[in-house]
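Read through the structure below, which is laid out as structure tokens, and then see the notes.
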Amino acid sequence: MGSGKKAMFVTGFFILLMGLVCSACGGGSADSEKLEGSLQDMMTSLYANAELDADFKEALDGYETMELTDDLEVSILGTDQITYTEGVVSMPMMSSVAYQCVLLRVDEADVESAKQALKDNANLDKWVCVSAESMLIESRGDVIFFIMSDKSTATAMSSAFQKL
């Protein structure tokens, strides 16, 4: 092989190698990030796997996870301008604790705008006589995790969401 052909071969080899390295470092496509299964099951998994304090775990008997309906959108999300294909909310039925955890499945193209709408419209003071200490809004693929609660609960639930 002549030196010119050898140089072209080496250059081509390195270009191919760099392409493989770059695609491996990219973390895969957005589809690999999609969470499978129902949001109800995901919420159950969050509670089962989050490192929650004993008092919160004991109080979970008084919490309900339900489908997010049109009637609940404004009170839960702060807006009715988010388009989603599936939504669940978990919250205490009777409590003096400021808490809600929401999972929304949205079109992947709409994830960032939906997260921004939540940030712009959520109200940490929406409960009577109490306020949520923390608000976290995160996503994985087409699922948005939105929680308003005390900091330690929000952090524990967020960690569990990242492990789904």
Side-chain angles (χ1 to χ4, degrees), residues 25-164:
C25 292
S29 69
D31 290 343
S32 68
E33 199 48 45
K34 280 189 178 178
L35 299 175
E36 299 298 325
S38 77
L39 297 183
Q40 283 272 358
D41 290 344
M42 285 183 210
M43 189 69 75
T44 300
S45 178
L46 290 179
Y47 286 127
N49 296 309
E51 294 182 20
L52 300 164
D53 68 41
D55 290 337
F56 187 89
K57 282 187 176 186
E58 186 176 312
L60 277 174
D61 289 340
Y63 284 49
E64 185 175 340
T65 300
M66 64 193 99
E67 182 179 338
L68 186 60
T69 62
D70 293 346
D71 296 340
L72 294 173
E73 283 180 356
V74 173
S75 66
I76 300 299
L77 305 177
T79 180
D80 60 0
Q81 299 302 306
I82 297 173
T83 302
Y84 56 93
T85 57
E86 183 184 6
V88 297
V89 57
S90 179
M91 59 189 178
M93 290 298 91
M94 292 288 236
S95 177
S96 61
V97 175
Y99 177 86
Q100 73 174 36
C101 185
V102 177
L103 294 174
L104 294 174
R105 191 177 305 271
V106 301
D107 186 278
E108 282 193 75
D110 297 332
V111 168
E112 292 306 315
S113 62
K115 287 168 54 176
Q116 189 61 52
L118 290 169
K119 287 176 191 170
D120 293 345
N121 294 289
N123 181 3
L124 291 168
D125 299 317
K126 72 179 195 165
W127 293 272
V128 177
C129 300
V130 295
S131 295
E133 184 178 52
S134 181
M135 174 176 56
L136 294 176
I137 303 168
E138 302 169 356
S139 60
R140 290 193 49 209
D142 63 348
V143 176
I144 296 173
F145 167 84
F146 167 46
I147 189 168
M148 293 194 295
S149 69
D150 64 84
K151 287 181 184 175
S152 65
T153 301
T155 301
M157 292 292 283
S158 170
S159 292
F161 175 70
Q162 293 307 321
K163 294 175 186 172
L164 282 177

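Count residues from 1 along the sequence.
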* Considering non-hydrogen atoms only, spot the tightest contact between Ala132 and Ala98 and give its length. => N-CB, 3.5 Å
* Asked: Are side-chain heavy atoms of Tyr63 and Met43 found at a separation under 4.5 Å?
  -> no
* Derivation and outcome, side-chain contact (heavy atoms from CB on, under 4.5 Å), residues Met91 and Trp127 -> CA-CA 12 Å; Met91 59 189 178; Trp127 293 272; over 6 Å; no
* CD/Glu133 to OG/Ser149 distance, rounded to the nearest 0.5 angstrom? -> 8.0 Å
* Structure fact -> Heavy-atom closest pair (Leu104 atom, Tyr84 atom, distance to 0.1 Å) is CD2-CG, 3.9 Å
* Structure fact -> Rounding to 0.5 Å, atoms CG (Leu118) and OG (Ser113) come to a distance of 10.0 Å
* To do: Please name the pair of heavy atoms, one in Ser45 and one in Leu164, separated by the smallest distance, quoted to 0.1 Å.
  => OG-CD2, 3.5 Å
* Structure fact -> Smallest heavy-atom separation, Met42 atom then Gly37 atom, equals CE-O, 3.4 Å
* Asked: Does Leu52 reach the side chain of Met157, with side-chain heavy atoms less than 4.5 Å apart?
  -> yes
* List the atom of Thr153, the atom of Ile147, and the distance in Å for their closest heavy-atom pair. => O-CD1, 4.3 Å
* To do: Mark yes or no for whether Thr155, through its side chain, and Ser152, through its backbone, hold a donor-acceptor pair below 3.5 Å.
  => no
* Structure fact -> One should read off an interatomic distance between Met135 CE and Lys119 NZ, to the nearest 0.5 angstrom, of 8.0 Å
* Asked: Can you check whether Lys163 reaches Asn49 side chain to side chain, under 4.5 Å on heavy atoms?
  -> no
* Asked: Hey, is the main chain of Arg105 close enough, under 3.5 Å, to the side chain of Thr85 for a donor-acceptor pair?
  -> yes
* Neighbour count above 12 (heavy atom, 6.0 Å) for Gln162 CD -> yes
* Which pair of heavy atoms, one from Val106 and one from Thr83, lies closest together, and at what distance? -> CG1-O, 3.5 Å
* Once you round to the nearest 0.5 Å, how far does OG of Ser139 lie from CZ of Phe146? -> 13.5 Å
* To do: State, with a plain yes or no, whether a side-chain heavy atom of Ile144 is found less than 4.5 Å away from one of Ile137.
  => yes
* **Evaluation steps, side-chain contact (heavy atoms from CB on, under 4.5 Å), between Val143 and Leu103** => CA-CA 7 Å; Val143 176; Leu103 294 174; 4.3 Å; yes
* Indicate yes or no for a side-chain donor-acceptor contact from Arg140 to the backbone of Leu35 under 3.5 Å, with no hydrogens or angles considered. => no
* To do: First locate atom NZ of Lys115, then atom CD1 of Ile82, and finally report the distance between them rounded to the nearest 0.5 Å.
  => 12.0 Å
* For side-chain contact (heavy atoms from CB on, under 4.5 Å), just list the numbers for Asp70 and Asp80, CA-CA rounded to whole Å, side-chain angles, deciding distance to a tenth of an Å, and then say yes or no. => CA-CA 8 Å; Asp70 293 346; Asp80 60 0; over 6 Å; no
* **CD/Gln116: more than 12 non-hydrogen atoms of other groups inside 6.0 Å** => yes
* Polar side-chain atom of Glu138 near backbone of Phe145 as donor-acceptor pair, under 3.5 Å -> no
* Asked: Okay, side chain of Lys126, backbone of Ser75: is any donor-acceptor separation there less than 3.5 Å?
  -> yes
* Do side-chain atoms of Gln81 reach the backbone of Ala117 as a donor and acceptor pair under 3.5 angstrom? -> no
* **Whether Thr65 side chain and Ser90 backbone form a donor-acceptor pair below 3.5 Å** => no
* Asked: Just by distance, do the side chain of Gln100 and the backbone of Ile76 share a donor-acceptor pair under 3.5 Å?
  -> yes
